[in-house]
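In this text, all values refer to a predicted model and were calculated from it rather than measured experimentally.
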Amino acid sequence: MKASYNWIRALLPDLTASARDLADRFTRAGLEVEALTEYGAGTEALSVAEVRKLEPHPTRPKLRLVTIDRGGAEQRVVCGAPNVPDPGGLVAFAPLGAHLPAVDMTLTPRDIGGVVSEGMLCSERELGLGAAAAAKGEDPGILILPKGIAAPGTPLRKALPAVHDFVLDI
């Protein structure tokens with residue numbers, strides 16, 4: 001049986017044990033936990049960002065410059081995803097220095113056609129989420145968040161708790 005740590009915590013709001021401690025407690029109680037799998041590792045640095053402006057890239061026709069607000073700080077990101085929302089839309093943003101284990105990438109400043117990207121708008125695959133994480137090949141685009149889910153700058157894990165979880169295989 002597989003059980004989500006977030007789901008167990010929702011059922012037991014006073015639970016303070018970590019996922020690893022809970023797995024150990026289950027095993028000591030006679031319910032062997034065969035595996036503990038983390039989903040959304042590396043998402044602690046990510047935040048909700050609001051798209052403010054879309055512009056064509058000056059030298060790369062398939063790319064766009066996206067100005068985002070990540071809670072009082074505007075930044076410009078080079079993005080090639082086909083589904084960037086219009087201004088006002090919310091997206092998952094990874095700042096420079098963030099590490100995305102699902103794709104084994106640490107974000108550093110990159111010059112892309114003469115423009116330095118100040119971070120990255122993330123897809124489900126890059127976040128290591130769901131079926132998209134296992135898919136190879138063409139990425140369907142960035143993760144677009146529902147309007148009103150959270151204010152720009154809110155940590156992604158707080159706005160969308162399903163982004164980070166542990167699954168206990170009991």
For Glu38 and His164, test the side chains for any donor-to-acceptor distance below 3.5 angstrom and give the result as yes or no.
-> yes

Do Cys79 and Leu63 touch side chain to side chain, with heavy atoms closer than 4.5 Å?
-> no

Separation between CG (Asn6) and CZ (Phe166), nearest 0.5 Å, reads 9.0 Å

Between the main-chain N or O of Val77 and the side-chain N or O of Glu118, is there a donor-acceptor pair closer than 3.5 Å?
-> no

Worked check of side-chain contact (heavy atoms from CB on, under 4.5 Å) between Glu44 and Leu46 = CA-CA 6 Å; Glu44 61 276 345; Leu46 278 63; over 6 Å; no

Look up atom OG in Ser18 and atom CG in Asp24, then write down how far apart they are to the nearest 0.5 Å.
-> 8.0 Å

Check the side chains of Arg52 and Thr67 for a donor-acceptor pair under 3.5 angstrom, ignoring hydrogens and angles.
-> no

To the nearest 0.5 Å, how far apart are CG in Leu145 and CZ in Phe93?
-> 13.5 Å

Answer with yes or no whether the hydrophobic clustering places Ile112 together with Val84; edges join I, L, V, M, F, W, Y residues whose side-chain heavy atoms lie under 4.5 Å apart.
-> no

Gap separating the CZ atom of Arg20 from the CG atom of Leu168, nearest 0.5 angstrom | 8.5 Å

Please examine the side chains of Val167 and Leu36, heavy atoms only from C-beta on, and report whether any two atoms are closer than 4.5 Å.
-> no

Spatial distance of atom SG (Cys122) from atom CG (Leu100) [nearest 0.5 Å] = 5.0 Å

Side chains of Ile149 and Leu90: closer than 4.5 Å at any heavy-atom pair?
-> yes

